[in-house]
Amino acid sequence: MLSLMATLYLLMVGTHHRYCQPVRLSPREQNRLQVFAAAELARRRRARGLLLSQAEAVALICDEVMEAARDGLDYAAVEQRGYEILYPADVLEDVPRLVGRIELEALFADGHRLIVLHDPITSGGPPSLDAANAEPQWLEGGGPLRLANTSDVPIALTSHFHVFEANRRLHFDRAAAWGMRLAVAAGVKVVIEPGQTREVRVVPFGGARIVRGHGGLVDGPLDAPGALEAALALARERGYEGA
Amino acid sequence: MPDPAAIRLGDSDLWVAPESDEVSGPDEIIAGWGNTMRDGLGVRAERGGVEVAAVGGLVLDPVLGVRATSIGISDGRIVSVGRAGNPDTMDGIGVVLDTGTAVFDARGLVVTPGGIDCHVHLLSPQVCDAALAAGLTTLVTQDFGPVWNLGTNPPEAEAMMWAAFDAIPVNLAMLVRASSARPGPVVHALARGGAGLKIHEDVGAGPEQIRCALDIADRHDVQLAIHTDGLNEALSLEDTYAAFAGRTVHAYHIEGVGGGHAPNLLELAGRERVLTSSTTPTVPFGAGAEAEHLAMVAAVHVLEPGSRAGDAEILRHRVREWTMSAESVLHDLGVIHMLSSDSQGMGRIGEVVRRAFQCADAMKAQAGAEPGPADNERVLRYLAKVTINPAITHGLAADVGSLEVGKLADIVLWAPELFAVRPELILKAGMPAWGSSGDGDGSTMMVEPVTVGPQFAATGSAPAQASLAFLAGVSLEAELPTRRRRARVHGCRDLAAADMVRNTRTGTVTVDAAAREVRLDGERMRARPVERMAFSGSYLLG
């Protein structure tokens, strides 16, 4: 008897699951509806001839881009769509400036994809990534140094790295780079492609002139007697070119 | 012409320009791939740094001024202000970063102290969300839920509030009801978790209550916030002033529509020992202010102007467009010291910071720009009204109100274009308590919809760690259900207008109801109604 009831119960549950699937919205989907609600408010206001505010503009752009993906457009087309939804004449005076960057994710056939729009009301399209490997702006007072990449991978030097300790497959006058960093603004990188030789400019470190970390050749005060010689010896031992 | 280095705040015509720069230069600290915030590069490879740092922002502070600089934080307190970096390889480092330092990147952001609302009716917990979302980190409060109690009495309620607030990342100072002709009930509440006193005419603001409350305030070094007798039933303005007997008070909603001697409460402004605040709905004076207040006063104060005799008359005497018009000018001249909300009791808590800068912008348009750099002086004057001045007035200034070394690291980071509207991040004791973040399922932090909401210091048991319990000396050792660190309210009694940062002007304010005009030392005070506010319609959905 009991087992019959249990069987009936299991059948009922099974039936329920097969024919009655609740929607079970995830937090992400609820957020999607929030964007839609704000966008719909924006659309109605626009239809009444109003210029849009920051929140209205962002919501409307997001919603339209997400729907373009839903329509089956590919990534590039959807991204471009983001730049063609609103123009300065559609929004309040200050709004183009207030909508600088929008990050959103749309559901494509291959899943969610991040789209980042830059100044979508004024720029007309995504920024180009083809910026040439431009010569950095060198800080004043830097001395020259020629670096040759003898390896088969690109080597990127950054603004505050102790050049003396850079990758051992970079060939240059190591002693001349003692206590030096690239003469560039913080965050600027100089990339030396495999086989390439580049001339850079270097400036001395300031502060207490203590170098720790980096390539592991110093770990102490730069100006201590014998520090350079000891570091050069270690560099030679470890195969640093130009030491 | 704006200063070329100046930054525009929001969509307003307010500009700020750094008076010193301890950020830019070759040694800027930048987080991220291949940038300078790396071990042994921009951050020291040994200890010796601060625990937390807000690096590279434009600091607006009523005491420190406008500075491009960084802030170092240890144990929840500000320990250094200056150039951030690694002193081993960089010159002029004031905020030492090491590999153990947590860095909040404030580059491109405006950095202010957390705001202080010194007039909060805590009529619901939702008030706190609105406060945090608007950049407030310290609340001076009354009430404990939907009860018009005008003080956080009785001690059972104080205990409940301390227990509740361990989940809310704001510093709390509770005022107890001092509308009492006898000291017993007041001290009873003050000694069980209170931080100050409140007199309100709805529960009694006569001469005996005022004298009794000020005796207690003097004895325990706390402030008295007062809403005076708007009916002039027991006493007129000069009688109230006489009852102060030269002792310092904090006069709430000094324009008067929030309550107090009608029509001339504003005459208390400009006096040496009366510290004054406004509430948000009248500042700056807006086109719809009078109409809104006819509805608001009746709704909040249980009037029936259409049916009960006398209600229409007292309402008409209380709601005066011409004193509202004068109030904004008195703010601009630094005669009125503070701006507060009167949340849910005739004011909006999310507007405290915003209204201050809306008023600054409106008054720049009407009174003209002041000598530079940029609008720094005016911006800092208004910032002081919602940060350091309420802190000083209520005895909190040893811990909050500015970004000076030694204070709790309650810091608000704003994108300049969203300033006073949508904060980026609110640090509470140096930890992220509230801020802008995107969909939790996003591949970046800012996937839309980006909303302003709780961060980790607002979660679990972290809020109590990040927040202070402000208490009168008499209740500092009281048994209270809170894990917060306690801070003693002090320095409230010898205060005068000269102690109000950047808002020190005194003078004789006269209110002439027949002529419908307000004068300061004979000069007429009148602002035009603002038709379109900055920091508002360009942004908000509604």
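These values consider heavy atoms only, across backbone and side chains, with no hydrogens, waters or symmetry-generated copies. Labels below follow one simple rule: chain letters A, B, ... track the order of the sequence lines, proteins then strands, and each chain is numbered from 1. None of these values were measured; they are calculated from a predicted model.
Interface remark: of the candidates A/R209, A/E56, A/H214, A/H214 forms the most heavy-atom pairs closer than 4.5 Å to chain B. The greatest number of non-hydrogen atom pairs below 4.5 Å with chain A, out of B/G34, B/P87, B/A45, B/A415, is found for B/G34. Of all the listed residues (A/L104, A/V184, A/L98, A/L52), the one sharing the greatest number of non-hydrogen pairs under 4.5 Å with chain B is A/L98. With chain A as the partner, the residue from B/T99, B/D11, B/D441, B/N35 showing the most heavy-atom pairs under 4.5 Å is B/D441.
Other residues, nucleotides and ligands place no more than 12 heavy atoms under 6.0 Å from the CZ atom of A/R101.
Looking at B/L418, the atoms closer than 4.5 Å to chain A (heavy atoms on both sides) all sit in the side chain, from C-beta outward. Contact annotation for A/I210: both backbone and side-chain heavy atoms come within less than 4.5 Å of a heavy atom of chain B. Of the atoms belonging to A/R45, it is side-chain heavy atoms, and not backbone ones, that fall under 4.5 Å from chain B. Heavy atoms of A/Q34 lying under 4.5 Å from chain B belong exclusively to its side chain. When heavy atoms are compared at a cutoff of 4.5 Å, A/R181 approaches chain B solely by way of its side chain, counted from C-beta outward. With a 4.5 Å cut-off on non-hydrogen atoms, B/T451 touches chain A through its side chain but not through its backbone. Using a 4.5 Å cut-off between heavy atoms, B/R38 touches chain A through its side chain atoms alone. Using a 4.5 Å cut-off between heavy atoms, A/V58 contacts chain B through its side chain alone, with no backbone atom that close.
Using a 4.5 Å cut-off on side-chain heavy atoms (C-beta onward), B/L41 and B/T36 make no contact.
Side chains of B/T444 and A/E103: a donor-acceptor N/O pair is present below 3.5 angstrom, by distance only. If you check the side chains of B/R532 and B/S538, you find a donor sitting under 3.5 Å from an acceptor.
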Between B/E46 and A/R212, does the salt bridge (charged side-chain N to carboxylate O under 4.0 Å, His left out) criterion hold? Intermediate values first, please.
CA-CA 8 Å; B/E46 286 188 358; A/R212 299 191 193 283; 3.1 Å; yes
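Annotation: residues 20-30 of chain B contacts chain A through B/P26, B/D27, B/E28, B/I30 [non-hydrogen atoms, separation under 4.5 Å].
Distance CD/A/E84 to CD/A/Q80: 4.5 Å, rounded to 0.5 Å.
The aromatic rings of B/F357 and B/F535 sit perpendicular, their planes meeting at an angle over 60°, well past the 30° parallel limit.
Between the B/R378 side chain and the B/L14 main chain, no donor and acceptor come within less than 3.5 Å of each other. In this structure, A/Y83 contributes its side chain and A/T122 its backbone to no donor-acceptor pair below 3.5 Å. Proximity of a side-chain donor or acceptor of A/D63 to a complementary backbone N or O of A/V35 within less than 3.5 Å is not detected.
The only option from A/R43, A/R32, A/R81 that meets the salt bridge (charged side-chain N to carboxylate O under 4.0 Å, His left out) definition with A/E67 turns out to be A/R32. Each of B/N86, B/D39, B/D88 was evaluated against B/R44; a single residue qualifies, B/D88, per the side chain to side chain donor-acceptor pair (under 3.5 Å) test.
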